[in-house]
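Single-structure report; data block below.
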There are 2 protein chains.
Amino acid sequence: MVQITDTFKALGDPTRVQILSLLAHEDMTIGQVVDQFDMTRAGVKKHMNLLQKGGLIRVRANGRERINSLNPEGFKTVSEWVRYYDQFWDDKLNALKNLIESETSNDKQ
Amino acid sequence: MVQITDTFKALGDPTRVQILSLLAHEDMTIGQVVDQFDMTRAGVKKHMNLLQKGGLIRVRANGRERINSLNPEGFKTVSEWVRYYDQFWDDKLNALKNLIESETSNDKQ
DNA sequence: TCCATATGAAACCAAAAGGTATCTCTTATA
DNA sequence: TATAAGAGATACCTTTTGGTTTCATATGGA
């Protein structure tokens with residue numbers, strides 16, 4: 001099971017966000033990702049592991065290759081989490097609106 | 001200026017996510033937050049600093065008190081970031097749909 | 001079969017992060 | 001005007017993280 005903090009932790013690093021942006025254009029093997037960075041294969045692999053743990057990418061095998069692609073699940077999790085707080089702002093604004101309206105009606109008394 | 005990775009980094013820790021959930025119910029001073037955790041004041045303060053750096057909370061002064069509240073900006077940033085990838089999925093699904101349709105029309109030839 | 005290539009994993013290191021103890025500063029209030 | 005309460009900052013310690021080097025495994029092709 002993916003923890004929400006694992007997803008956010010995976011997103012909390014510039015290199016990993018860049019990798020996601022690469023994968024948004026095309027699926028890639030680790031080798032292809034390595035070509036885009038000044039970093040060791042093993043270093044990139046660690047980032048990929050964290051992205052996978054966060055549910056943001058998935059891997060399919062093709063012979064001796066491992067092809068990495070974006071995983072909708074992780075993004076959906078983030079989207080839903082942030083939507084909870086959107087609701088929070090809506091409620092707060094409504095409460096403020098109601099308060100103002102009731103004060104206005106008090107003025108009329 | 002707030003970097004998106006600072007926002008995600010701030011969200012990548014269970015304690016900080018809990019603090020946000022507390023602040024969603026009511027604004028709090030650090031002292032009030034400390035009462036909810038088995039942690040030093042200085043420890044909580046560090047978390048608050050990171051949340052502020054990520055644009056997720058803001059602080060207003062009231063006498064000797066500092067009152068912390070949620071900051072819409074940070075949440076908006078996350079929401080917009082994830083929306084970019086929503087668009088990505090939509091495009092991908094449309095491409096798939098177009099592919100299927102063109103193959104179907106080929107069959108008719 | 002032999003070798004080049006794509007991969008995974010472990011050991012190791014320096015830097016960053018989570019946390020505490022301690023000190024200083026400011027502001028209510030007795 | 002003392003003094004207690006709320007806050008911030010620094011030094012310090014331990015754990016985690018970002019990164020490399022190195023070794024082992026699997027697969028495609030000459």
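Residue numbers start from 1 in every chain, and the chains themselves are labelled A, B, ... in the order their sequence lines are given, proteins ahead of strands. Every heavy atom of this structure was used, including side-chain atoms; hydrogens, water molecules and symmetry mates were not.
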Gap separating the CD atom of B:Q36 from the CD1 atom of B:I19, nearest 0.5 angstrom: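 B:Q36 atom CD to B:I19 atom CD1 measures 10.5 Å (nearest 0.5 Å).
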Sub-4.0 Å heavy-atom contacts from residues 25-58 of chain B onto DNA chain D, ordered by number: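 Per residue number, the list reads B:T29, B:I30, B:G31, B:R41, B:A42, B:K45.
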Quick one, which residues of residues 60-71 of chain A touch DNA chain D with a heavy atom under 4.0 Å?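 DNA chain D contact set from residues 60-71 of chain A: A:G63, A:R64.
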Contact list for residues 54-78 of chain A, test side chain to side chain donor-acceptor pair (under 3.5 Å), sequence neighbours left out: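 Found A:D27-A:R60.
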Which pair of non-hydrogen atoms, one from [X] and one from [Y], has the smallest distance, and what is that distance?
{"X": "A:A24", "Y": "B:Y85", "result": "CB-CE2, 4.0 Å"}
{"X": "A:F75", "Y": "A:L56", "result": "CE1-O, 3.6 Å"}
{"X": "A:A10", "Y": "A:L50", "result": "CB-O, 3.6 Å"}
{"X": "A:F88", "Y": "B:L23", "result": "CZ-O, 4.5 Å"}

Does any donor atom in the side chain of B:K53 or B:N49 lie under 3.5 Å from an acceptor atom in the other side chain?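 Checked: B:K53/B:N49 side chains show no N/O donor-acceptor pair below 3.5 Å.
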